[in-house]
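By convention here, the first residue in the shown sequence is residue 1.
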Amino acid sequence: IKTEKDNLSRLAHQVRMYDQCFAERVLATTPRHLAGADQLLPETWSLIVLDPITHEIVELQRLPQPQEQDLATERLILEELHVEELNALLHNLGVTRTHTMNNDQRRALLNTHYDVATLRGLALRTLATRENARVTATRLGTT
């Protein structure tokens with residue numbers, strides 16, 4: 001949701017993250033951000049226009065284009081983990097020399113030890129146990 005008081009500065013990062021977490025993605029925004037949002041959003045996203053004052057839905061601007069694969073089941077959210085969180089996951093595997101690695105190397109090493117479902121679960125549990133951070137998730141179904 002991007003209201004009149006918001007800006008689109010974080011939208012590109014949020015799109016990458018949400019593409020990895022959710023099977024269906026929708027941006028609800030006011031007319032002020034419509035042109036910019038339309039340029040930044042992939043075709044796999046829906047776009048809803050909100051009234052700038054009441055935030056009621058005014059119109060459905062676009063429906064997502066079908067895609068061959070569901071990004072939410074094909075990608076991981078490891079990108080959202082901090083260095084110390086990635087290191088903790090590696091330490092659980094017995095890998096202790098992580099100080100010289102960059103995050104891409106850490107994620108690649110985790111990918112060699114775990115399957116997609118396990119890594120996804122580890123990443124979600126790690127995010128859920130972060131201190132001083134708000135993480136809200138709703139389970140819509142099981143696969």
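- Between R25 and Y18, the shortest heavy-atom distance links the atoms CD-O, 3.3 Å.
- Of the possible donor and acceptor atoms, none in the side chain of R106 sits under 3.5 Å from a partner among the backbone N and O of E85.
- Rounding to the nearest 0.5 angstrom, the gap separating the CD atom in E80 from the OG1 atom in T126 is 12.5 Å.
- Here the closest non-hydrogen pair linking L109 and T112 is O-OG1, 2.6 Å.
- Hydrophobic clustering (ILVMFWY, side-chain heavy atoms < 4.5 Å, transitive): L63 and I48 are in one cluster.
- When each of D6, L47, L11 is checked for a side-chain contact (heavy atoms from CB on, under 4.5 Å) with T29, only L47 meets the rule.
- Atoms CG and CG, from L127 and L122 in turn, are 11.0 Å apart once rounded to the nearest 0.5 Å.
- Remark: H82 NE2 to N103 CG distance equals 10.0 Å, nearest 0.5 Å.
- Other residues, nucleotides and ligands contribute at most 12 non-hydrogen atoms within 6.0 Å of the CD atom of E56.
- Closest approach of R97 and T100 over heavy atoms only: O-OG1, 4.3 Å.
- In this structure, L89 CG and L119 CG are separated by 8.0 Å, a value rounded to the nearest 0.5 Å.
- M101 and L93 fall within a single hydrophobic cluster, where Ile, Leu, Val, Met, Phe, Trp and Tyr side chains are chained together by heavy-atom contacts under 4.5 Å.
- Side chain of Q105 to main chain of N102: a donor-acceptor pair is present (N/O by atom type, distance under 3.5 Å, no hydrogens or angles).
- Remark: L86 CG to L81 CG distance equals 5.0 Å, nearest 0.5 Å.
- Judged by distance alone, with hydrogens and angles left aside, the side-chain atoms of D38 form no donor-acceptor pair with the main-chain N or O of L34 at under 3.5 Å.
- Under the 4.5 Å side-chain heavy-atom criterion for ILVMFWY residues, a single connected hydrophobic cluster contains both I1 and L60.
- Look at D19 and R16 and you find no salt bridge, because none of the NZ, NE, NH1 or NH2 atoms lies under 4.0 Å from a carboxylate O.
- Here the OG1 atom belonging to T3 is positioned 8.5 Å from the CG atom belonging to L50, to the nearest 0.5 angstrom.
- When all heavy atoms are compared, the tightest approach of K2 to Q14 is NZ-OE1, 3.0 Å.
- The two atoms that bring R62 and P42 nearest to each other are NH2-O, 2.8 Å, heavy atoms only.
- Contact of the L27 side chain with the V15 side chain is not registered, since no non-hydrogen atoms from C-beta on lie closer than 4.5 Å.
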